[in-house]
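Heads up: the structure comes next, in structure tokens.
Side chains included, hydrogens not; waters and symmetry mates left out as well; all remaining heavy atoms used.
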Amino acid sequence: RLTARRGRAWTAAVFALLFLVGPALTVIGYVADPSGRMSPMARPSPAEQAVYEWIRERTGTNAVFLDAGQRDLIMVHGRRRLYLGTKTGTEQFAFPVEEARQRLAVMADLYGRCRDVAGDTRTLRELGRPVYVLCRPEEDPAGAAPCIAGYPDLFAEVLRVDGYRVYRLREP
């Protein structure tokens, strides 16, 4: 009907505008954006790739990971869930605000001052899934997560690769 009213050329121009311009601009943006080629988020190091490979091959598909940087690459390359995938904005995705606050508090405590490790582990165990904590060398320059490493009765180190450490929450 559009072709009959406006003609073929006009109809072709409308369809090109609707279905070609958007995807073309997206591709141009990806090609022209140098940060996409240089970002460590887009190009994990060989050590980080080894961690993701270990996650895929050595952990259950129901495992949950904590990552101080809350990088979604664990979900992409490791194919596992994150305990908390963002520092802010969870209400935008219909995530309960109180639960987000609780998870932020657990993350801040475990990757910070360790004021309530017993409460943190209790909260993590309520998930009913295997829980792993990833410590990255760039966020933990000392090479050890003092809080987690200080509680060997609660956390077992299960992987160490070039500064990356993965701890598993022990079963009670």
Side-chain angles (χ1 to χ4, degrees), residues 33-172:
D33 181 16
S35 68
R37 289 186 294 276
M38 298 181 297
S39 170
M41 297 287 284
R43 295 185 182 270
S45 69
E48 190 174 1
Q49 288 176 3
V51 171
Y52 296 139
E53 183 179 336
W54 180 88
I55 289 171
R56 281 191 314 274
E57 294 178 2
R58 302 290 182 134
T59 64
T61 56
N62 64 338
V64 175
F65 277 79
L66 280 74
D67 182 7
Q70 299 166 339
R71 293 171 182 82
D72 58 1
L73 290 180
I74 287 179
M75 295 186 295
V76 175
H77 295 297
R79 300 183 192 128
R80 298 297 180 265
R81 291 185 176 111
L82 277 177
Y83 180 65
L84 184 64
T86 181
K87 293 180 182 178
T88 59
T90 53
E91 67 277 355
Q92 295 173 352
F93 306 107
F95 198 85
V97 175
E98 286 306 313
E99 189 172 343
R101 286 187 184 134
Q102 179 186 33
R103 290 183 179 209
L104 281 167
V106 168
M107 296 277 294
D109 193 44
L110 285 179
Y111 286 104
R113 301 199 176 180
C114 290
R115 294 179 187 204
D116 186 21
V117 177
D120 298 336
T121 56
R122 207 171 24 257
T123 301
L124 292 172
R125 285 188 177 128
E126 288 174 2
L127 296 172
R129 301 171 183 271
V131 175
Y132 295 86
V133 180
L134 174 62
C135 300
R136 297 172 180 272
E138 63 269 17
E139 287 155 4
D140 186 19
C147 176
I148 297 163
Y151 292 90
D153 56 322
L154 297 174
F155 295 95
E157 186 176 315
V158 292
L159 179 69
R160 185 185 296 206
V161 176
D162 291 341
Y164 289 88
R165 291 183 180 195
V166 178
Y167 295 86
R168 181 176 179 168
L169 178 62
R170 293 183 188 271
E171 297 298 320

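- Applying the salt bridge (Lys or Arg N to Asp or Glu O under 4.0 Å) criterion to Arg79, with sequence neighbours excluded, gives no partner residue.
- Glu171 pairs by the side chain to side chain donor-acceptor pair (under 3.5 Å) definition with nothing, not counting sequence neighbours.
- Atoms CE and CG, on Met107 and Leu84 in that order, are 5.5 Å from each other to the nearest 0.5 Å.
- Atom CZ of Arg81 sits about 11.0 Å away from atom CE of Met75, to the nearest 0.5 Å.
- Shown here for Val117 and Phe155, the closest heavy-atom pair between the two residues is CG1-CE1, 4.3 Å.
- Considering only residues two or more places apart in sequence or on other chains, Phe65 meets the ring-ring contact (aromatic ring centres under 6.0 Å, His included) condition with Tyr132.
- For Tyr52, the ring-ring contact (aromatic ring centres under 6.0 Å, His included) test picks out His77, with sequence neighbours left out.
- The minimum heavy-atom distance between Cys135 and Tyr111, with the atom names listed, is SG-CE2, 4.3 Å.
- Sorted by first then second residue, the salt bridge (Lys or Arg N to Asp or Glu O under 4.0 Å) pairs that include residues 102-129, not counting sequence neighbours, are Glu99-Arg103.
- Summarising the geometry of Tyr151 relative to Cys114, their closest heavy-atom pair is OH-O, 4.3 Å, with the distance given to 0.1 Å.
- At least one side-chain heavy atom of Val131 sits under 4.5 Å from a side-chain heavy atom of Leu66.
- Side chains of Tyr83 and Leu110 form no contact here, defined as non-hydrogen atoms less than 4.5 Å apart.
- Arg170 meets the side chain to side chain donor-acceptor pair (under 3.5 Å) test with no other residue; sequence neighbours excluded.
- Taking both residues in full, the closest heavy atoms of Arg168 and Pro130 are given as NH2-CB, 3.4 Å, listed atom of the first, atom of the second, then distance.
- Qualifying side chain to side chain contact (heavy atoms under 4.5 Å, CB included) partners for Glu157, counting only residues two or more places apart in sequence or in other chains: Arg160, Arg165, Tyr167.
- Annotation: side chain to side chain contact (heavy atoms under 4.5 Å, CB included) contacts of Ala50 (sequence neighbours excluded): Val161.
- With sequence neighbours left out, the side chain to side chain donor-acceptor pair (under 3.5 Å) criterion links Thr121 to no other residue.
- Applying the salt bridge (Lys or Arg N to Asp or Glu O under 4.0 Å) test to pairs two or more places apart or on separate chains, those with a residue in residues 55-68 are Asp67-Arg71, Asp67-Arg136.
- The shortest side-chain heavy-atom distance between Tyr164 and Pro137 falls under the 4.5 Å cut-off.
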